[in-house]
Amino acid sequence: MAGLPDSLSGQDVGSFAYLTIKDRIPQILTKVIDTLHRHKSEFFEKHGEKGMEAEKKAISLLSKLRNELQTDKPIVPLVEKFVDTDIWNQYLEYQQSLLNESDGKPRWFLSPWLFVECYMYRRIHEAIIQSPPIDDFDVFKESKDQNFFESQQSIIALCTYLQELMKTIEDLEDNQLKDEFFKVLQISLWGNKCDLSLSGGDTSSQKTNIISSLEDLKPFILVNDMERLWSLLSNCKKTRERASITRVDIILDNSGFELITDLVLADFLLSSKLATEIHFYGKTIPWFVSDTTIHDFNWLIKQLKHSNHKWMSKCGVNWENHIKMGRWVYLDHMFWTLPHEFSAMSQVAPDLHAELQKAHLILFKGDLNYRKLTGDRKWEFTIPFHQALNGFHPAPLCSIRTLKAEVQVGLQPGQAEQLSASDPSWMTSGKYGIFQFDGPL
Ligand SMILES: O=P(O)(O)OC[C@H]1O[C@](O)(CO)[C@@H](O)[C@@H]1O
Ligand SMILES: [Mn+2]
């Protein structure tokens, strides 16, 4: 891939990538080991001695992994047969082929950060599937659920807001509808502050009412293409024939509070008729601590439905109904948990690429998706987003993300320099956000 900037990597001592590999990832692994320990008696109750043996095995595999990482050992191929094992091992060979030295092997601190970080989560999964009968245990489930419960008050506020809005949505003028659209978009943006991998797996829930903070947070939106999203979707609505559809695909990120904000956005898109169908994509295996799997998705909607709070349960009932009626479709694909950047999708997962091409708009939630959109490279800040996408244009798309990694493109000249002077951690604190659109004008 000539002409592309270098990948972010742990080679750059002191960089966010370096600190993540050195500190944050081992901390996450330690937490995973601790979680398994704490569930020992549960494994025993469920599976007897075999459950205890499995817990020991998984812990020993994970301790080995932590040791490999901390001593910067070569990255080894995956061994357990699974749907994506061959693709992973081929990618490892590809990484090896990029190294000049004849005996150079991909290693934790040497190889691209995106690759090694994804590999770490895939190895956690390998340790679990190598340890039946606890091979369906989600080591992050507990923290995802905790995030949901700790965000209760904010969730109530959001569900109440949405249900109030539903009462009048049919009567809103165009400009009022646009204002509301911008609000739900911003809710979904700031929902992305709450991922658990940045905090090393520690709790990171939403405790304040996000709706009342939206105005104050506006100055922190560094790229704001919300107007372009509005023109695209309101145009679809105006020109749509009676029976035809407008499909918005949402590539989900974190479960818990962020997922609620995404479902609020998705419900709004249907109720406002800006879209007629929503496709959600989640992860097939536990990923980056807080990412959404089908179990999290179903669990969360069930929690809402059975809540004692009137508006929370109304949301749960409505959302379950959207699924039943096929207006909301949940899908997954192994590509989302591969290490490839998205420009490789048409080669590696042509079926997924072809499916995304059918969308009128694709919303990519979160930081990891942005890293994969841009290839996690050392781009200049002012390079156009279109260029950084490196040929990935299945349909009009927009990244909705708070910044948690040292990659950002499409800024105005001088913007990054000003930010660096006033707030040196602007790229990694999650304090700033973007709506970055790519598509025809
Ligand atoms: O959930 P998000 O928004 O994708 O954020 C996850 C981010 O957190 C980190 O794991 C922090 O290390 C980044 O690697 C990653 O981009
Ligand atoms: Mn995430």
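Every number for a ligand or one of its atoms is a count from 1 in the order of the listing.
The proximity of D367 to ligand 1, defined as any non-hydrogen pair under 4.0 Å, involves the side chain as well as the backbone. Using a 4.0 Å cut-off between heavy atoms, R401 makes no contact with ligand 1 at all. If you look at K365 next to ligand 1, there are no close heavy atoms at all, none under 4.0 Å. Contacts between L368 and ligand 1, counted as non-hydrogen atom pairs separated by less than 4.0 Å, involve both the backbone and the side chain.
Numbered from 1 in the order shown, with element, the atoms of ligand 1 that lie under 4.0 Å from a heavy atom of R371 read 13 (C), 14 (O), 15 (C), 16 (O). Heavy-atom contacts of W113 reach the following atoms of ligand 1: 14 (O) (cutoff under 4.0 Å). Annotation for ligand 1: atoms under 4.0 Å from non-hydrogen atoms of F288 are 10 (O), 14 (O). Residue-ligand proximity, N254 to ligand 1, at heavy-atom distances under 4.0 Å covers atoms 1 (O). Residue T20 approaches ligand 1 through these ligand atoms, each under 4.0 Å from one of its heavy atoms: 12 (O).
For the pair N369 and ligand 1, the shortest N or O to N or O distance does not fall below 3.5 Å. At a 3.5 angstrom cut-off on N or O pairs, D253 counts as close to ligand 1. Polar contact with ligand 1: present for N192 (N/O pair, distance under 3.5 Å).
For F149 and W299, the gap between ring centers is short of 6.0 Å.
With a cut-off of 2.8 Å, the Mn ion (ligand 2) has no N, O or S atom of S290 in range.
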- Please lay out, stage by stage, how R38 and D34 fare under the test salt bridge (charged side-chain N to carboxylate O under 4.0 Å, His left out). CA-CA 6 Å; R38 279 187 296 99; D34 174 64; 3.2 Å; yes

- Task: Please lay out, stage by stage, how T293 and D296 fare under the test side-chain hydrogen bond (donor to acceptor under 3.5 Å, both in side chains).
- Result: CA-CA 5 Å; T293 65; D296 302 322; 3.1 Å; yes

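Residues R107 and Q95 bring no donor and acceptor atom of their side chains to less than 3.5 Å of each other. Between Q146 and E150, the side chains place a donor N or O and an acceptor N or O closer than 3.5 Å (distance only, hydrogens not considered). Counted by atom type alone, T30 and R66 present one or more donor-acceptor pairs between their side chains at under 3.5 Å. A side-chain N or O of Y370 and one of Q408 form a donor-acceptor pair less than 3.5 Å apart.
Here atom 3 (O) of ligand 1 lies nearest to K404 when heavy atoms of K404, E258, M120 are compared.
With respect to S307, the side chain to side chain contact (heavy atoms under 4.5 Å, CB included) criterion is satisfied by exactly one of M312, Q152, K302: M312.
In this structure, Y370 does not count as a contact residue of ligand 1, since none of its heavy atoms falls inside 4.0 Å of the ligand.
Summarising the geometry, atom CG belonging to D249 is positioned 11.0 Å from atom CG belonging to L397; distances are rounded to the nearest 0.5 Å. Note: L403 CG to M427 CE = 6.5 Å, rounded to the nearest 0.5 Å.
The name of the N, O or S atom in D291 nearest to the Mn ion (ligand 2) is OD1. Distances from the Mn ion (ligand 2) to each N, O or S atom of D253 single out OD1 as the nearest.
Geometric assessment of R123 against the ring of W88 yields a negative cation-pi assignment under the 6.0 Å and 45° thresholds.
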